[in-house]
Amino acid sequence: MRARKFLVPVALLLVLALATTIVSAQEKKVKWEPWGPRVDQIIMPIIKDSEAQLIAFERGETVVLPGLVRPGDINKVKQNPNADITVNLGFHMFYLCFNMRRGPLDDVAVRQAVAHVTNREQIINQLFQGYMLPLTSFVPQSSPFHNPNVPQYPYNPEKAKEILDKAGYKLDKATGVRIDPKTGKPLRKMKIFTPTYEVAPTSAELGKMIAEAAKAIGLPVEPEPMDFPVMLEKIDVFDFDMYVLAWGLGRIPDYLYTFFHSSQDVEAGYNTPGIRDPELDKAVEAVYYPPDLETAKAAAAKAQVILSQKLPYVTLYSRPYMDAWRKDLVTGYVPMLGYGAAQYNNGWTTLNIRRVQGPGGTIRWLLPEEPKNLNMCVASSAYEWEVLGRIADGLIAVNPETLEDMPWLAKSWKVETWEPEPGKKGTKVTWFLEKGVKWQDGEPFTSADIKFTIEYLKKNEVPLYISDLQDVVKVETPDPYTAIVYFSTVSYWHLYHAAYSFLPKHIWEDVKDWKGFQPWLEPHPKVKGLTKVIGTGPFILKEYKPGEYVRLIKNPIYWRLNPPKK
Amino acid sequence: MGFRTYLIRRIVYALIVLFVILTFNFAVFRLMPGDAEKMIIDPRFSPEARMALRKQFGLDDPPLVQYWKYITSLLRFDLGQSFATRRPVASELAERLPNTIVLFLTAFTLTMVIGTAVGVYAAQHRGTFAETFVTGAGLFTYAVPTFFFQLLLLMLFGYYIRIFPIHGTMSAPPPDGAFLRFLDRVHHLILPAGSNVIIGFGSWALYTRNTMLEALGQDYIITARAKGLPRREILYHHALRSVLPPIVTLIFLSLPGMVTGAVITETIFSWHGVGRYLMDAVLQQDYPAAQGAFYLIALAVIISNFMADLVYGLVDPRIRVGAGERR
Amino acid sequence: MNGETVAGQAAVQPAPRRKRSGIADFWAQYRRRPYGLVGLVMLAMYIAVALAAPLLTPYDPRKTEFFLADRLAAPIWARFIIPRFRNAPPTSRYTIHPDQWKVERQERASLSFEEAGDRGETAVIRFEPSVEGGGGARSELSWKVHYGFNPPNTFEGKVTYRVEAPPDGMTRLSLVIVDPEGKEYDIWGTAVYGEQDWTTAALDSRDLQMKTRLNMTIFDDPAKVIFSTKGDYRLVLKASSESPSAEAKLFLAPAKFNILGILHGLLGADHMGADLWAQLVYGARISLIIGISAAVIGVALGTTIGIISGFLGGPVDEFLMRVADVFLSVPTLPVLIILSAFLGKNMWNIVLLVAAFSWMGSSRVVRSQTLSLKERAFVEAAKAAGASDAYIMVVHILPNVLPLVVANMVLMMPVAILYEASLSFLGLGDPRIPTWGRMLQNARAFGAFTELAWWWLVPPGLAITLLSLSFTFIGNTVNEVLNPRYRERS
Amino acid sequence: MALLEVKDLKMYYRTLRGQVKAVDCVSFEIEKGKALGIAGESGCGKSSMAITVLRLLPSNGHILGGEVRMDGLDLLSMSEEAFRKAIRWSRISMIFQGAMNALNPVHRVGNQIVEAILTHEDVSRQEAVERARRLLDMVGISPRRFNDYPHEFSGGMKQRAIIAMALACNPDLVIADEPTTALDVMVQAQVLRAIQDLREKLALSMMLITHDLSVIAQTCDDVAIMYAGKIVEYGTATEVYKKPLHPYSMGLVSAFPNIAAEKSPVRSVPGFPPNLVSPPEGCRFHPRCPLADDKCKTEEPASVEVGGNHHSVACHKVDVTAGGIDIWVQ
């Protein structure tokens with residue numbers, strides 16, 4: 001077993017730092033076991049309206065209210081004596097982006113000044129009633145790659161004025177606008193794009209707060225709320241000064257490359273600020289293609305320092321995961337660092353959750369959106385995975401307390417290097433699979449499925465997987481329980497790039513139109529009562545009534561049903 | 001003008017409207033900002049992946065070819081694929097249509113039946129409370145915004161006195177047994193349909209009352225009374241029967257209003273129907289979906305307008321027999 | 001819209017030209033109809049409110065003044081009718097001027113006041129240099145406030161200070177709230193090493209740091225705990241200094257202390273703490289502007305088309321009437337939804353869209369009236385005299401269809417208002433202006449339901465209802481006066 | 001005993017503006033087999049009186065006094081239901097003005113006649129249809145048009161169909177309310193002739209309401225001139241037509257082209273009928289009367305019999321008018 005303890009120190013530090021405040025819920029020792037599931041059936045009513053969600057929770061029509069966001073909802077839920085709220089740090093980042101291609105934002109002094117007038121505490125307290133965490137680095141606190149030791153820009157308008165004065169932006173007392181030293185003219189009007197008040201009142205208000213603070217120190221900044229697609233369109237062609245948006249990030253900080261590498265400063269690239277910095281490029285390349293974890297961590301730390309100096313973004317806050325549970329109805333929900341207790345990435349809750357009165361039975365689990373098409377090839381939203389994630393299963397699992405990798409469908413693995421061609425180095429990942437794992441229709445799960453999935457996704461250029469699989473050269477299956485994936489480049493992340501949930505070969509090999517395939521609408525060719533949504537996971541899709549509910553039932557042949565008796 | 005000429009004219013006319021709407025539908029959605037790729041913002045996406053996604057929905061043909069393809073595929077009810085769900089819009093609409101029809105027909109039938117009955121009653125009881133009530137209700141419900149009334153009902157009966165469900169078309173999951181299932185559906189139907197009935201019946205009753213009064217003031221009604229016909233006979237056989245053509249026509253003419261009202265009702269009561277689909281799609285900039293939903297709604301409206309013309313032709317002897325031919 | 005039948009029905013009847021025309025005569029007939037008068041009075045009230053909006057409320061919702069009170073604060077009068085608000089707090093805002101601080105304790109420290117430039121008067125605490133073994137200097141200032149309500153949800157405050165001290169000096173500052181029973185809550189503290197220029201510390205009961213300091217979890221509410229009893233509270237500023245080399249000075253500018261109310265104003269506050277009464281009052285302006293301009297544009301368009309169509313006849317007439325038919329056959333609300341999403345959420349877009357889909361009724365009425373006018377002698381005479389078509393249409397036909405147009409316009413207004421409200425309600429309204437539809441949308445989307453905040457929901461809805469009712473009354477009355485078929489039979 | 005006896009009949013409409021005194025103390029009699037003409041300008045209460053007799057008042061019309069007797073039977077005190085069954089159409093039928101609208105456009109013409117028969121007589125539908133065909137034939141409409149809709153009939157045909165309908169139940173009295181208005185002159189003549197023929201053939205009693213005195217002169221035995229809700233002159237048709245005594249009657253007589261005296265110019269009575277909410281004090285006609293003096297303005301003239309033949313007139317100036325001067329010439 002080669003589970004890596006790559007994050008214990010930082011993660012623990014963090015939890016300690018916030019322990020007294022945030023995590024009363026985690027005072028309870030998290031109890032979980034890698035076996036399950038413990039309920040027979042999960043009914044997932046689809047309730048989109050947030051008020052209706054609250055009422056459903058109050059009435060016990062759902063045992064969970066996942067991902068509480070609105071302060072009002074949190075206040076409401078916390079008054080409910082039957083509610084238990086779990087809190088976990090998340091991988092969420094809300095930021096203010098600068099367009100560094102345009103003056104005067106090309107001057108770091110101006111960006112720093114804006115950073116200094118950004119009052120995170122006020123934003124968080126007034127707009128979010130204190131339920132967010134201030135974010136001062138480019139990797140959220142929950143991540144093992146978070147570097148707290150980066151240059152900080154605390155709220156300090158005096159400091160901001162000083163920086164601007166020093167950089168030569170003299171204040172014209174008559175107009176209250178500073179003069180651009182390069183042109184000798186007053187600074188041009190700059191706009192902060194925000195979503196509209198309707199869509200995101202807090203973002204719009206936050207844009208207004210920053211703009212007003214900037215105006216007070218002589219930077220002519222105006223907020224401009226606009227429709228989301230219009231805003232995206234403008235960002236896409238780099239027609240903006242500043243904008244505020246959020247990212248939902250992941251455990252691996254490879255996004256630092258996607259966001260800030262100079263090669264991504266192209267059409268459809270995510271390097272919207274347009275930062276091009278050779279030193280930064282080197283650092284984020286090392287984050288993207290690290291030979292091992294230590295390199296990755298060091299490079300990520302360095303990248304965060306450079307980013308904090310150059311300031312393409314002002315990072316504002318990070319949203320912790322707050323999930324409310326009906327503790328009088330269920331128990332066994334497992335809080336997980338970075339993912340929260342209710343999210344689909346957290347398979348432990350799926351396995352461990354049970355009714356208070358005992359194992360078995362039905363629980364009701366809120367689905368805040370339509371699960372859409374339930375086709376793994378195109379399933380791009382979290383809501384689809386809220387369902388699919390409980391049907392599918394991965395090669396690797398993640399320890400909820402430490403975020404270590406744990407063997408799952410793969411009982412072990414090796415990450416090595418190989419030579420795609422003489423003189424070049426690539427990565428070779430070998431998976432050793434558990435024996436006796438079966439698809440929900442009874443077919444055995446083998447390395448052929450892995451090979452099929454990777455080749456199928458690559459052959460069809462399935463957009464969701466293009467980035468991950470672009471370096472795959474070939475897949476070998478020396479025996480049904482060993483799969484070797486060859487990559488043309490060296491990166492430790494390739495371990496994760498081929499560790500998804502897989503497609504059952506016996507179903508998918510006949511699928512020609514992967515885009516239009518709606519597996520839940522097609523009955524299983526052999527087994528009655530099943531659809532073509534087939535996984536190896538703990539639950540089986542029984543029924544999906546669009547607009548109403550999804551019904552999942554326990555997989556009776558799940559390979560992790562009960563611990564082996566000794 | 002014989003009935004056949006009349007019919008052909010109406011058909012041609014409906015087709016022209018359909019064509020105009022299709023063209024509008026095509027033009028507007030081609031001009032709007034945003035595309036499929038905007039629906040997915042994922043930091044893992046490389047520029048290549050985003051481009052691939054764009055291509056998947058990409059429209060590379062020249063506009064006229066696109067237009068031709070659009071028209072032909074619409075006629076085959078191929079409405080494209082939703083940006084948001086990546087499912088065929090046609091099958092998503094097909095899932096929702098029955099819900100909309102159920103809501104719509106219930107509300108519609110009840111509104112018409114109750115509205116007509118109350119209107120007739122008020123017309124024959126002039127100067128009584130019933131008449132005041134109908135006039136008042138008609139005016140008030142004309143002025144009150146439907147959505148406001150629905151929000152009030154929802155707050156009162158969904159949130160305050162929690163006797164009705166606040167979302168959806170059925171319990172999740174519905175109870176076993178056909179009868180219980182039916183009751184469950186009815187339970188979910190009461191607020192959305194009922195609110196429409198309450199809002200709708202007032203002006204309907206008022207209209208019925210007015211036309212009935214007009215009819216009752218007609219000379220042929222006095223003739224009928226003079227003939228010594230029983231009251232009932234006069235009311236139904238003469239007055240109601242003679243206002244039937246305008247009423248039936250108006251029933252069909254009010255169909256479009258109720259179809260479009262479904263957008264708001266379904267949004268408020270989280271009713272899994274076509275109207276809400278349109279609304280969601282518009283708000284999410286899911287153009288194929290919005291286009292499809294709009295197409296369906298427009299089709300329903302055109303058909304009901306056509307039906308109104310048809311029924312008018314059938315009910316009114318002046319058209320049915322071919323007015324003027326024998327004179 | 002449910003009302004098209006009524007409006008349409010009224011619109012179909014052409015009003016014949018009255019021989020004894022004249023405004024005085026019209027008014028003489030109009031004033032005899034109670035409904036018409038009620039409508040006028042109501043409309044007058046709306047107009048008065050719309051015009052006097054800035055006088056009726058100190059807040060301007062276009063400036064999005066937020067956080068005036070706690071989120072979803074109830075109206076002040078809710079105290080009298082809803083038990084749970086019986087003793088709920090309204091917003092209290094205090095500015096603590098330097099001279100309002102009361103000295104509680106001084107150890108080797110002294111308090112004086114001085115002007116500090118644009119900061120105005122400041123309090124200055126001088127700390128004597130600390131001595132070996134003798135410890136530092138300390139000072140305690142307090143400010144008393146009476147609190148006589150149920151616990152609030154939130155308090156916040158600001159302390160602005162400056163420290164002048166030698167580099168080896170350390171100045172500690174903290175704020176403590178002492179409740180009537182003498183229990184102390186240490187809500188804020190900081191340590192300054194050496195000098196510190198003017199800085200403002202924000203205190204906020206929602207702040208995680210304050211909660212941590214008070215040993216509370218993120219889900220606890222310090223405000224509820226601290227202000228749980230009624231009586232005199234003291235806000236105590238504790239300052240101490242260890243400054244071996246020279247004297248240290250602490251400057252205090254006016255401080256702020258606010259308790260955000262659970263009750264606020266005439267109609268309470270929304271989810272952002274913005275004043276709802278202000279939104280309602282300013283909403284009257286917007287609704288009137290939208291209703292009137294959409295109706296005027298729509299009816300003007302309809303009149304033009306109707307006159308041209310009726311007067312010119314032939315293929316022009318056929319074409320224009322077919323266009324009207326097409327517009328009538330289009331599902332209006334969905335088209336408006338799509339077009340307003342397409343054109344952008346802008347008030348004038350909505351006005352134009354509503355107008356573009358509401359001219360057909362008046363064009364038909366005007367057309368039929370024009371057809372009959374065309375045959376009249378005075379038109380024939382004008383033609384014979386060689387007047388151009390345009391001249392005849394403007395000078396002869398237009399004045400004669402005007403009464404009809406007016407009635408149509410008035411009846412059009414509630415329809416336009418309802419359309420705008422529906423669009424705003426669906427989230428397609430102009431986000432920058434306060435409208436009643438948007439208030440309803442916000443109420444629905446931001447928690448009015450779970451809080452049963454009917455005072456957020458009912459006023460805008462009722463405002464729309466009564467406004468369109470008044471227009472309907474007026475329109476129907478105008479029609480009755482101008483159109484004999486509408487008069488009672490007797 | 002007269003067939004129909006109307007005594008001091010008073011019928012007011014209640015409106016928002018006050019009571020409209022449409023029929024005010026009207027008395028007359030119709031003998032069996034005789035025809036009474038009622039003449040006056042429109043709005044003087046003629047039609048109101050007709051529908052009062054048949055009790056077809058709108059909901060705001062109220063009978064405030066007087067009596068209507070038929071063969072001695074008090075029609076006003078009968079229950080609505082009894083009246084409907086026993087009197088309407090079976091004893092009194094009516095030919096309405098407005099040929100266009102008296103037939104229901106959505107029902108077949110024949111069926112509308114059949115309906116009347118079936119309501120009052122216990123006969124089979126077959127029989128009723130037969131009788132309806134005969135009636136149509138009688139008024140000169142081909143029975144083949146039995147199944148036509150009213151809009152397929154011409155105006156004259158409609159009016160004749162209505163006449164046929166009025167005769168469906170062999171009534172004792174037919175009230176004809178402006179049977180010829182809205183028809184063109186040729187058709188008017190036809191219809192009048194039809195009425196005349198039938199009356200003679202069937203020995204019908206009739207009450208003919210019209211504003212055209214010459215029609216009455218042709219068809220009726222007696223005539224009552226109504227003005228502003230009151231009968232101002234009553235007498236035999238020939239006498240009143242030849243020698244009207246009331247200034248209003250005189251005006252009416254001279255207002256219509258007299259076939260006999262083609263040279264006299266066509267005139268009408270100047271002025272308008274009064275508002276019946278607040279009719280003029282004294283003689284209601286005084287504002288329009290060239291002879292009016294102070295007495296006429298204050299004192300209401302009683303109806304006095306002048307000469308024989310029950311010729312009565314309500315006018316203070318009978319002595320002047322009886323002189324036979326054409327007062328409307330000056």
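Below, chains carry the letters A, B, ... as their sequence lines are ordered, and counting in each starts from 1.
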S.K.: Show the nearest heavy-atom pair for residues S50(A) and A445(C), with the distance to one decimal.
M.R.: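 Smallest heavy-atom distance, with atoms named: OG-O, 4.2 Å.
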
S.K.: If I take atom CD from residue Q126(A) and atom CZ from residue F67(C), how far apart are they, to the nearest 0.5 angstrom?
M.R.: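 Answer for the CD-CZ pair, Q126(A) versus F67(C), is 4.5 Å.
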
S.K.: Can you measure from CD1 (I218(C)) to CE (M132(A)) and round to the nearest 0.5 angstrom?
M.R.: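 The CD1 atom of I218(C) sits 9.5 Å away from the CE atom of M132(A).
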
S.K.: Which bit of T450(C) comes within less than 4.5 Å of chain A, counting heavy atoms only: side chain, backbone, both or neither?
M.R.: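 Contact with chain A involves both backbone and side-chain atoms of T450(C).
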
S.K.: Spell out, as yes or no, whether a donor-acceptor pair under 3.5 Å connects the side chain of Q129(A) to the backbone of R206(C).
M.R.: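 Checked: no pair found.
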
S.K.: Got a sec: does the NZ of K48(A) have more than 12 other heavy atoms crowding it under 6.0 Å?
M.R.: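 Check passes, neighbour count above 12.
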
S.K.: Considering residues, nucleotides and ligands other than K158(C), do more than 12 of their heavy atoms fall under 6.0 Å from its NZ?
M.R.: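 For K158(C), atom NZ is not crowded (no more than 12 foreign heavy atoms under 6.0 Å).
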
S.K.: So with a 6.0 Å cut-off around NZ of K76(A), is the heavy-atom count from everything else above 12?
M.R.: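 Buried by this count: over 12 neighbours within 6.0 Å.
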
S.K.: Go through the atoms of D73(A) and report whether side chain, backbone, both or neither lie under 4.5 Å from a heavy atom of chain C.
M.R.: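 Neither part.
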
S.K.: Are the side chains of L133(A) and L208(C) in touch, meaning some heavy atoms are under 4.5 Å apart?
M.R.: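 In contact.
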
S.K.: Which bit of M226(A) comes within less than 4.5 Å of chain C, counting heavy atoms only: side chain, backbone, both or neither?
M.R.: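 It is neither, since no heavy atom gets under 4.5 Å.
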
S.K.: Got a second to check how far D207(C)'s CG is from Q122(A)'s CD, nearest 0.5 Å?
M.R.: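 D207(C) atom CG to Q122(A) atom CD measures 11.5 Å (nearest 0.5 Å).
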
S.K.: For chain A, find which of L72(C), D204(C), T200(C) contributes the most heavy-atom pairs closer than 4.5 angstrom.
M.R.: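 If we count pairs closer than 4.5 Å to chain A, D204(C) comes out on top.
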
S.K.: Please check if atom NZ in K215(A) has more than 12 non-hydrogen atoms from other residues, nucleotides or ligands closer than 6.0 Å.
M.R.: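 Buried by this count: over 12 neighbours within 6.0 Å.
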
S.K.: Using a cut-off of under 4.5 Å on heavy-atom pairs, state which of R70(A), E158(A), E58(A) scores highest against chain C.
M.R.: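 Between R70(A), E158(A), E58(A), the count favours R70(A).
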
S.K.: Is there a side-chain contact between I55(A) and F449(C) (heavy atoms, below 4.5 Å)?
M.R.: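 No, side chains not in contact.
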
S.K.: Out of curiosity, F66(C) CZ to K208(A) NZ, how far, rounded to the nearest 0.5 Å?
M.R.: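 Here the interatomic distance stands at 5.5 Å.
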
S.K.: Where do R444(C) and E51(A) land on the side chain to side chain contact (heavy atoms under 4.5 Å, CB included) test, with the steps shown first?
M.R.: CA-CA 8 Å; R444(C) 184 174 85 101; E51(A) 305 264 300; over 6 Å; no

